[in-house]
Protein chains: 2
Amino acid sequence: MMMTPKIESFVMHCGEMGSKWGFNRTVGQMYGLLIINEQALSAIEISETLNISRGNVSMGIKELQSWRLVQVQHKPKDRKEYYLPAGSIWEMAIRVFEERQKREVDPTLSLLRDNLLNEPANEQEQFAQGKMREIHDLLETITHWAGELQTMNPDKLNTLMKLGAGVSKIIDMKDRFLKSG
Amino acid sequence: MMMTPKIESFVMHCGEMGSKWGFNRTVGQMYGLLIINEQALSAIEISETLNISRGNVSMGIKELQSWRLVQVQHKPKDRKEYYLPAGSIWEMAIRVFEERQKREVDPTLSLLRDNLLNEPANEQEQFAQGKMREIHDLLETITHWAGELQTMNPDKLNTLMKLGAGVSKIIDMKDRFLKSG
DNA sequence: TTAAACTTTCAGAAATTACTGAAACTTCAG
DNA sequence: CTGAAGTTTCAGTAATTTCTGAAAGTTTAA
């Protein structure tokens, strides 16, 4: 599997971005390669194309599976496993979003909840708990909202996004409508 | 500046989470400490409370400033700088969101745009460009939407979030209203 | 000016994270 | 069974990131 320069630049960029998106460089590259490639690739092809060890590919695939971002394919008369990106670009975005939520927000929410169960012992803790409550409530609102958005189908979500700030006008309209009705 | 166990657990948690949120452990701890503390803190107080070197505090503050998350305060008759979190919890969330956008999404968008200007050289590149376009369009929609949401005031944003998937019903209502009108 | 009080910088050390490659494991056809 | 074709694991090493502390820089009061 030879990469053309353009494809290589995309794959390497996914590597750089990988760490910002929550995985490491080689996992990013692997995922970029799978997205950009029409055919499913075997572990050994990935390893050779990206010049990384076979063991690293195995760990990377595991990581991508934990994000539900790849799927395995088998070919008849062939014992190898072939890997493909799981789902559409939209689904990929939603999964990354969901997983990050799980890894970044949920643990904080649970720490805050625990902490808020205790009575503050002094003025300093009183202030601290006030802040923790603010953060807790904000995160909970966001989590709840994100959950709801994910129940919408991609089309509707797309409409909503394209609408942008316009949604604000629609909410106003609803208010007027309900008042006058 | 002594931390009570509850406050310490929060601050240490911010440290763990720091890396997931885009900075490193000590920067996370520093920010947690500033949020949870009613009074502004000097660099030396931060350094002593968290047991980290004075130089590290200086670098951490610089990092937090690059995220626009801290603000400096001066006290009369005192040459030290004192640090405070910049803005409300809402503003903090919006800033983290904006900065991550800048760091994680914008570079990818620009790479994709460049790549899409070239004609595909073969069938493999044709497929690749198709995928790149999909990703590009999706990221652009999200970026645009995020930008618009940020122009809304917190109250309205809150209303919208609390509405959750209900927003979908309102969009339907608008459609019906426009058709019948 | 000077010097005290503070901040920033940065080379090198420490800590963390990622990667390799060889060994162990699994699966399956014969 | 056996062994060939594959996958996974993991100890050790390499690469990267973070942190320290001392030196350089800055600011201000006298």
Side-chain angles (χ1 to χ4, degrees), chain A residues 1 11-34 40-67 70-84 103-104, chain B residues 1 11-34 40-67 70-84 103-104:
Chain A
M1 232 300 292
V11 170
M12 293 302 129
H13 178 84
C14 290
E16 304 310 315
M17 283 305 155
S19 50
K20 313 212 173 193
W21 278 94
F23 7 87
N24 67 32
R25 191 168 66 258
T26 43
V27 172
Q29 290 174 357
M30 287 174 53
Y31 191 45
L33 183 63
L34 291 178
L41 294 172
S42 67
I44 191 73
E45 284 171 314
I46 295 172
S47 151
E48 282 166 3
T49 307
L50 299 175
N51 270 298
I52 58 183
S53 74
R54 186 63 194 69
N56 200 5
V57 172
S58 174
M59 294 203 283
I61 293 288
K62 223 168 71 177
E63 171 83 1
L64 287 173
Q65 278 169 339
S66 86
W67 287 75
V70 283
Q71 101 196 48
V72 181
Q73 197 178 65
H74 283 275
K75 297 192 180 179
K77 294 274 180 195
D78 188 342
R79 211 133 115 207
K80 279 200 207 66
E81 299 195 322
Y82 289 83
Y83 303 100
L84 279 176
R103 289 158 204 237
E104 298 173 2
Chain B
M1 233 301 292
V11 170
M12 293 302 130
H13 178 84
C14 291
E16 305 310 315
M17 282 305 155
S19 49
K20 313 213 176 200
W21 278 92
F23 8 89
N24 68 33
R25 188 165 70 258
T26 44
V27 172
Q29 289 173 357
M30 287 172 56
Y31 191 46
L33 183 63
L34 291 177
L41 294 172
S42 67
I44 191 73
E45 283 170 314
I46 295 173
S47 151
E48 282 167 1
T49 308
L50 299 177
N51 271 299
I52 58 183
S53 75
R54 187 61 194 70
N56 200 4
V57 171
S58 175
M59 295 203 281
I61 292 288
K62 220 169 70 178
E63 170 83 2
L64 287 173
Q65 278 168 339
S66 85
W67 287 75
V70 283
Q71 103 197 45
V72 180
Q73 195 177 67
H74 283 275
K75 297 191 178 177
K77 294 274 180 195
D78 188 340
R79 212 132 115 205
K80 280 201 208 63
E81 299 195 322
Y82 289 83
Y83 303 100
L84 279 176
R103 289 158 204 235
E104 298 174 0

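Each chain gets a letter, A, B and so on, in the order its sequence line appears, and its residues count up from 1.
- Nucleic acid contact class of B:Ile52 (heavy atoms, under 4.0 Å, all strands): sugar-phosphate only.
- Side-chain contact between A:Ile46 and A:Gln29: absent, with no pair of heavy atoms (C-beta onward) separated by less than 4.5 Å.
- The side chain of B:Arg54 places no N or O atom within less than 4.0 Å of a non-bridging phosphate oxygen (OP1 or OP2) of D:dG21.
- Between A:Asn24 and C:dC19 there is a side-chain N or O to OP1 or OP2 distance below 4.0 Å.
- Each of A:Arg79 and A:Ser42 has a nearest nucleotide on DNA chain D; the 5'-most of these lies closest to A:Arg79.
- Of the N and O atoms on the side chains of A:Tyr83 and A:Glu81, at least one donor lies less than 3.5 Å from an acceptor on the other residue.
- Side chains of A:Leu34 and A:Leu41 form a contact here, defined as non-hydrogen atoms less than 4.5 Å apart.
- Donor-acceptor pairing under 3.5 Å is recorded for the side chains of A:Thr26 and A:Asn24.
- Regarding contacts with the backbone of C:dT9, a side-chain N or O of B:Lys62 is found under 4.0 angstrom from either OP1 or OP2.
- Contacts of B:Asn56 with the nucleic acid, taken as non-hydrogen atoms under 4.0 Å apart, include base atoms.
- A:Gln29 has its CD atom 13 Å from the P atom of C:dA18, to the nearest Å.
- Nucleotides of DNA chain C nearest to B:Gly55 and A:Thr26 differ in position, and the one nearer the 5' end is that of B:Gly55.
- In this entry the distance linking CD of A:Glu63 with C1' of D:dT7 reads 18 Å, nearest Å.
- Among C:dC19, C:dT7, D:dC19, the nucleotide with an atom closest to any side-chain atom of B:Tyr83 is C:dT7.
- Phosphate contact (OP1/OP2 of C:dT9, side-chain N/O of B:Ser58, threshold under 4.0 Å): absent.
- For the pair A:Lys77 and C:dA29, the criterion of a side-chain N or O lying under 4.0 Å from OP1 or OP2 is not met.
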